[in-house]
Amino acid sequence: QVQLVESGGGLVQAGGSLRLSCTASGNIFSIKRMGWYRQTPGKQRELVAEMASGDSANYADSVKGRFIISGDSPNTVALQMNNLKPEDTAVYYCNAKWERLRGPVERVEVLRGDYWGQGTQVTVSS
């Protein structure tokens with residue numbers, strides 16, 4: 001099991017900045033990628049940004065050039081959000097994608113899944 005603890009978020013005026021942080025604990029060796037998703041009422045959770053060690057980061061088109069994802073260690077991920085817009089208002093969730101192998105070598109099975117943080121509210125006023 002992996003636990004994700006988020007910090008940051010809050011209320012900011014349009015054009016301002018916020019920084020979100022997430023720390024994973026537990027079986028962190030199973031984590032392959034970490035990132036951030038966001039969700040507004042009535043909409044599906046959407047990817048904001050994600051990254052893996054030694055790999056390039058992926059960003060949603062709506063945040064490219066404004067948000068920066070970084071990892072200070074294998075079990076932490078931060079999201080620097082600049083030039084925030086009212087449409088960035090949402091609950092932001094830290095995500096960790098895990099992968100484990102199961103079974104004998106001749107019949108190994110790859111198991112994959114997601115861990116989620118509790119979510120942190122980001123509100124951008126116009």
Side-chain angles (χ1 to χ4, degrees):
Q1 276 285 19
V2 169
Q3 295 76 42
L4 302 176
V5 178
E6 302 150 344
S7 61
L11 173 64
V12 66
Q13 288 188 333
S17 298
L18 285 173
R19 182 178 176 86
L20 305 180
S21 295
C22 175
T23 301
S25 61
N27 186 15
I28 64 171
F29 300 104
S30 67
I31 296 174
K32 299 302 180 183
R33 302 182 70 84
M34 292 188 72
W36 294 90
Y37 287 67
R38 66 187 182 188
Q39 188 171 24
T40 55
K43 292 189 177 181
Q44 286 191 334
R45 196 171 293 186
E46 63 175 6
L47 173 69
V48 177
E50 66 173 359
M51 64 180 297
S53 177
D55 199 1
S56 59
N58 295 325
Y59 294 93
D61 288 342
S62 60
V63 306
K64 284 181 181 178
R66 300 188 298 120
F67 291 10
I68 301 172
I69 189 170
S70 62
D72 296 330
S73 70
N75 63 322
T76 65
V77 66
L79 185 69
Q80 178 65 40
M81 303 183 293
N82 301 319
N83 190 22
L84 282 160
K85 304 177 180 180
E87 51 263 42
D88 294 318
T89 296
V91 178
Y92 284 69
Y93 295 91
C94 180
N95 170 265
K97 297 189 182 302
W98 62 265
E99 185 175 296
R100 289 193 290 270
L101 303 180
R102 183 174 70 181
V105 173
E106 61 273 16
R107 288 186 288 112
V108 67
E109 182 181 4
V110 181
L111 305 178
R112 297 184 177 93
D114 293 272
Y115 292 111
W116 296 95
Q118 76 281 6
T120 184
Q121 178 70 45
V122 171
T123 302
V124 184
S125 63
S126 56

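The analysis underlying the following values was restricted to heavy atoms, covering all of them including side chains, and did not include hydrogens, waters or symmetry mates.
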Distance in Å, E6 CD paired with C22 SG, rounded so as to fall on 0.5 Å steps: 5.5 Å
Nearest-0.5 Å distance that lies between atom CD in Q13 and atom OG in S126: 9.5 Å
Shortest non-hydrogen contact between G9 and V122, atoms and distance: CA-CG2, 4.0 Å
Nearest heavy-atom neighbours spanning N82 and S17: OD1-OG, 3.0 Å
N/O donor-acceptor pair under 3.5 Å between T23 side chain and V5 backbone: no
Distance in Å, I31 CD1 paired with Y115 OH, rounded so as to fall on 0.5 Å steps: 8.0 Å
Geometric cation-pi criterion, R33 with W98: 6.0 Å, 45°: no
Any donor-acceptor N or O pair under 3.5 Å, side chains E87, T89: no
Atom of S70, atom of M51 and distance for their closest heavy-atom approach: C-SD, 3.6 Å
Expected output: side-chain E99 to main-chain R112 donor-acceptor under 3.5 Å: no
Check: N83 side chain, G15 main-chain N or O, donor-acceptor pair, under 3.5 Å: no
Note, L79 side chain near L18 side chain (heavy atom, < 4.5 Å): no
Same apolar cluster (I L V M F W Y, side chains within < 4.5 Å links), V91/I69: no
Heavy atoms of other groups near E109 CD, more than 12 under 6.0 Å: yes
Flag side-chain contact, heavy atom, 4.5 Å: M81 against L20: yes
For the student: nearest non-hydrogen atoms of T40 and A90, plus distance: CG2-CB, 3.6 Å
Non-hydrogen atoms of Q39 and K43 that approach each other most closely: NE2-O, 3.1 Å
cation_pi(R38, W36) dist<6.0 Å, angle<=45: no
M34 reachable from Y37 in the ILVMFWY side-chain graph, under 4.5 Å edges: no
Parallel, tilted or perpendicular, as decided by the 30° and 60° cut-offs, for the rings of F67 and Y92: tilted
Residues K64, D61: salt bridge by 4.0 Å N-O rule: yes
Distance (rounded to the nearest 0.5 Å) between I28 CD1 and Q1 CD: 14.5 Å
Path from I68 to Y93 over hydrophobic side-chain contacts below 4.5 Å: no
Atom pair SG/CD of C94 and E50 - distance to nearest 0.5 Å: 11.5 Å
Side-chain touch V2/S30, heavy atoms, less than 4.5 angstrom: yes
Connected via hydrophobic side-chain network under 4.5 Å: L111 and L101: no
Close side-chain approach of L4 and Q118, heavy atoms under 4.5 Å: no
